[in-house]
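Report on the structure given below.
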Amino acid sequence: METNSSEKNKLKRGLSNRHIQLIALGGAIGTGLFLGIGQAAVLAGPSVILGYAIAGMIAFFIMRQLGEMVVQEPVSGSFSYFANKYWGSFAGYASGWNYWVLYLLVSMAELTAIGHYVQFWWPEIPLWVSSLFFFVVINALNLASVKVYGETEFWFSIIKVVAIIAMILFGTYLLISGNGGEQASVNNLTNDGGFFPKGWLSTSAEGSYQGLLAALVMIMFSFGGLELVGITAAEAENPEKNIPKATNQVLWRILIFYIGSLLILFSLMPWRHITSETSPFVEVFASLKGMQFELFGSTYYFTNIIANILNLIVLTAALSVYNSCVYSNSRMLFGLAEQGNAPKFLTKLNNNHSPIYAILVSAGLVALCIVINKIMPEKALEVLMSLVVSSLVINWIMISLTHIFFKNKLNQRKETAKFPTILYPISNYFALLFLLGVLVMMWFTGLKISVELIPIWLILLYISYRLVQRNKSRQ
């Protein structure tokens, strides 16, 4: 009877290998690929291709560091659990709550973006209405079993993958066949100021910074969400086999999807034609205005078809990110409660082995987004995304630092890692140095407020931690 009760209160291992593979891939492909590339391209031109390769390598290092920890101990709470166990109780508290707040904000931003994508087809629908509809649907799916989440994310990711592969193949066809227009040529990569038209770092006529180093700030945030595969450890079937496989495959997927699509993108359109306001993919295909075809006696213009397909893809990407936010936030809150760093009632599971109160508490706060969209629809997305930046950098830094403490303990106990990271500890120090460099560039490229918020946010976390500890000692 006791065993059955114990099993009832545990997360269920319902994520198969194909779920883990596509969850890892879905974390690497978000709206950053479809929409964020434009801003980076304006800052650095074709050299952003190198930027995505560098940022992808850093993201891979951090994934391997997290992967080593979760394969060694596949538990709920992920890096918060490890920070708590190997670094200290405040580190576990801070990393867990920081991650939770981060993805509350990302959830709000994605729900807002979803409203904008719906308005592409139905502009008369208010932002808050479509945000509320998908808010209810996605949270309902997550209250079902973890397998339902895994299956939903599997199909969301499949759509994104097929879309990118189709764009790469179709773009290649346009280049080879000559149907891409006179401006389409591989020479676009170098014939307008070279591969580094704005250098590594320079100042524009307006006095702002540009170049590859400035673009790296935008590029790095495209990879937010890669750590999601580490959150799945407690619910993954055969984590010792499936998580390493998913982690290792992320690197070549980044090379194919990001770098492959960028090579095609910059070849089809001169980089100076790309703007930061719209998706470069939309701009490239919109330039093919002359193409049309007949179907069932009606004439369809290629541009309109592509615009609708791309809007469907970015809507899917946003839904995928929000779906993963609901999942990862509830599991992080569940892990914090197990550590004693969050109220114990958050460990309660429903009959489907989903952390019901952790999902509902997170959902209740994300619902504020619907109110924000009702009150200030024009500014909602901009305000929410500016708040995300600080938490995201803290998250990556704490994963890499936690891994160093984890390895020191492992070495002291003379234990062998089941999935050792690459180039330890060089990869840790390299990742940390890179992230500190990103903070420096953020200071100089219009994100100064985000850097200034980091110490304030850490102080607030410490104050709340001390209050929690004081309440514990009184009990």
Value for CH2 (Trp200) from CG (Leu50), rounded to nearest 0.5 Å, stands at 5.0 Å

Is Glu415 salt-bridged to Lys409, going by a charged N under 4.0 Å from an acidic O?
no

Could you tell me if the ring centre of Tyr322 sits under 6.0 Å from that of Phe134?
no

Under 30°, 30 to 60°, or over 60°: which ring-plane class applies to Tyr462 and Phe90, parallel, tilted or perpendicular?
perpendicular

Gln65 side chain to Ser400 side chain, donor-acceptor N/O pair below 3.5 angstrom:
yes

Let me see the working for Ile454 and Leu439 under side chain to side chain contact (heavy atoms under 4.5 Å, CB included), right down to the final yes or no.
CA-CA 10 Å; Ile454 290 176; Leu439 287 177; 3.6 Å; yes

Using the ring of each side chain (for Trp, its six-membered ring), is Phe406 parallel, tilted or perpendicular to Phe82, with breaks at 30° and 60°?
perpendicular

Quick one about Glu153 and Ser320 (side-chain donor to acceptor, distance below 3.5 Å, no hydrogens or angles considered), yes or no?
yes

Heavy atoms of Lys344 and Ala337 approach each other most closely as NZ-O, 3.6 Å

So, Glu73 and Tyr81: side-chain donor and acceptor under 3.5 Å apart, yes or no?
yes

Using a 6.0 Å cut-off, check whether atom CZ of Phe405 has over 12 heavy atoms from anything other than its own residue.
yes

Please assess Leu401 against Trp87 for the test side chain to side chain contact (heavy atoms under 4.5 Å, CB included), listing each intermediate value before the final yes or no.
CA-CA 9 Å; Leu401 282 172; Trp87 187 354; 3.8 Å; yes

First locate atom CE of Met63, then atom CD of Glu68, and finally report the distance between them rounded to the nearest 0.5 Å.
14.0 Å

Test side chain to side chain contact (heavy atoms under 4.5 Å, CB included) on Leu435 and Ile62 and set out the steps.
CA-CA 11 Å; Leu435 291 171; Ile62 294 171; 4.2 Å; yes

Centroid separation under 6.0 Å, is that true for the rings of Tyr86 and His403?
no

We want to know whether Tyr103 and Ser324 form a side-chain donor-acceptor pair, criterion being a heavy-atom distance below 3.5 angstrom.
no

If you round to the nearest 0.5 Å, how far is CG of Asn428 from NZ of Lys407?
9.0 Å

Return the minimal non-hydrogen interatomic distance between Val48 and Ala44, and the atom names on each side.
CG1-CB, 3.7 Å

Any donor-acceptor pair under 3.5 Å linking the side-chain atoms of Asn98 with those of Trp457?
yes

Given Phe434 and Phe430, is the ring-ring contact (aromatic ring centres under 6.0 Å, His included) satisfied, shown in steps?
CA-CA 6 Å; Phe434 180 87; Phe430 188 63; 7.2 Å; no

Arg470 charged N/C atom sitting above Tyr465 aromatic ring, 6.0 Å / 45°:
no

Go through it in stages, so that I can follow the logic: the residues are Ile158 and Val161, the test is side chain to side chain contact (heavy atoms under 4.5 Å, CB included), and I'd like the CA-CA distance, side-chain angles, deciding distance and then a yes or no.
CA-CA 5 Å; Ile158 284 287; Val161 170; 5.8 Å; no

Interatomic spacing from CE in Met398 to CD1 in Ile394 - rounded to 0.5 Å:
8.5 Å

From Ser450 OG over to Leu453 CG, what is the distance, rounded to the nearest 0.5 angstrom?
6.0 Å

Look at the aromatic rings of Trp97 and Tyr93 and report parallel, tilted or perpendicular, splitting at 30° and 60°.
tilted

